[in-house]
Amino acid sequence: MSTTAAPAALRKTALNATHRRLGAKMVDFGGWDMPVEYSGLIAEHMAVRTGVGVFDVSHMGDIQLRGPNSLAAVQHISMNDASKLKEGQAHYSALLYPNGTFVDDVIVHKFSDNDYLLVINAGTREKDVNWVRQNVGRMQGVHVSDYSDLYTQLAIQGPRAVDVLRKLTDRDLDGIRNYWFTWGTVCGLHNTLIARTGYTGEDGFEIYVPSDVPTSERVWNEVLEAGKEFGILPSGLGARNTLRLESSMALYGHEISDEINVFEAGLDRYAKLDKGDFIGRDALEAVRAGGGPKRKLAGLEMTERGIARDGYAVLSPDGKKIGAVASGSPSPFLKKNIALAHLPIEFIAPATEIAVEIRSQPVKAVVVPTPFYKRPKKQA
Amino acid sequence: MDYPAAYKYTKEHEWIELNGKWGKVGITDYAQNSLGDIVFVDLPKVGSSVEKGKVFGSVESVKAVSDLYSPVSGKVTAVNDDLTASPEKINTDAHGAWIMKVEVSDSADANDLLSKDAYETYIKEETH
């Protein structure tokens, strides 16, 4: 099963053959042939929570905006306030449609006053690139480049990630704070982008190396070798999903989409309505002026036996459908069955009892605060 | 993986060990492997009727739900309650971790089930 070639229509990262050699189960993820698990989802999930795991996330896209007006461009197309970023700092943001719903969520990295990198999702790559080009591509003093295919992006995640990367770089990693980045030599590659970012709720790094196959394979193997003493596991999209769900991080098409606005997704703390005009701002102002959203993302925990899955109906205590599960799964770390769902605001207070319809049966659940999991604070 | 020659198999990846009119049903190693870490088993009720080719329960891994299809028609005489607390036993021993025992109503039900060899050929084709 692991030795068959990827279907021709699917796109592959430079590490495709490596994943297959490792015996990964491969799936079609947004048109990409990606590993869903290697040794097992739960083992990989636990490795990241308690030790370290490495993910190939090269399917993510990278858009660079350069030129004297690049800040103005970033400010126009994304909702967070990029003027607050220092060189070497990144933040969570989103590209919005004029109606305040999501084109995508992004991480904005400030390289310099004239140079910003947006890291975008795989499934929305073309749409995002077109959206950026369409909206700021003709602005004076801005040059938009799609560098998605130039990088192999590896996410080294977990409390021991720093110990793994320390063995492979000359940079002082302790000086890189969460959501900051730098450049350094990694595996002998000069000027490698090293960002203390991730999508797992753990400490960790994302490194960006050239996407040719020999370099990508060499770096991947060196990371695994360096991580051996810390029990590193190559980890797939299955664990990536359960890790991000425990940490209540949004996934496009689930918690955020072109039918869900920023307030409904509970991401309004990242929308800086006072920073000046940006696409989607007027719609968000209108939502705020109208007393806020009618529904909002809430965390659920099953109190009866049953697993809420994506798309299952959420029911009020009297059996009326009040929403649908955006993402639902067993939580490998918490050993509970958890879910996120957009619910009418009268149901989102923690301890509210509701139910999820599982195979035509209502199964009890309760609203709980999110994130479900928060990593322990580092001891000094 | 060794598929016991004494078992019969379905194309939905259940196995049944038949002993006269008594049958013991589980899922195959191929099925547990494609599902991944199994975290939940929805067992049928003892005394309920099951129908050949119809859903009698489900197993869930972290990432997916998979219905269980009965290889035969009959009455459920026992279920493996161990699997409620330890569903991962299906991962570690798929061909030992039975899910239900059935009193088979028509022994002819088993005639069109796959032999070990036929099942092994079938899963080889399915992976290509």
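So you know, we letter chains A, B, ... as the sequences are listed, proteins then strands, and number each from 1.
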Exercise. What are the two closest non-hydrogen atoms of B:Val41 and A:Arg305, and how far apart are they?
Worked result: O-NH2, 2.8 Å

Problem set entry | Interatomic distance, A:Ile358 atom CD1 to B:Asp42 atom CG [nearest 0.5 angstrom] | 9.5 Å

For this session: Decide yes or no on side-chain contact (heavy atoms from CB on, under 4.5 Å) for B:Val39 and A:Asn337, but give the supporting numbers first.
Result: CA-CA 10 Å; B:Val39 293; A:Asn337 296 319; 5.8 Å; no

Problem set entry | Heavy-atom pair of closest approach, residues B:Asp37 and A:Ala43 | OD2-N, 4.3 Å

Exercise. Which one, B:Ala64, B:Ser61, B:Gly36, leads in non-hydrogen pairs under 4.5 Å with chain A?
Worked result: B:Ala64

Exercise. Are more than 12 heavy atoms from other residues, nucleotides or ligands located less than 6.0 Å from atom CG of B:Asn111?
Worked result: yes

Problem set entry | Over 12 non-hydrogen atoms of neighbours within 6.0 angstrom of CD in A:Glu353 | no

Problem set entry | Taking every non-hydrogen atom, the tightest pair across B:Lys63 and A:Lys25 | NZ-NZ, 4.4 Å

Problem set entry | Among A:His45, A:Glu37, A:Arg359, residue most engaged with chain B (heavy-atom pairs, under 4.5 Å) | A:Arg359

Problem set entry | Within-4.5 Å side-chain heavy-atom neighbours: B:Val62 and A:Asn241 | no

Exercise. When you look at NZ of A:Lys364, are more than 12 heavy atoms from neighbouring residues, nucleotides or ligands closer to it than 6.0 Å?
Worked result: no

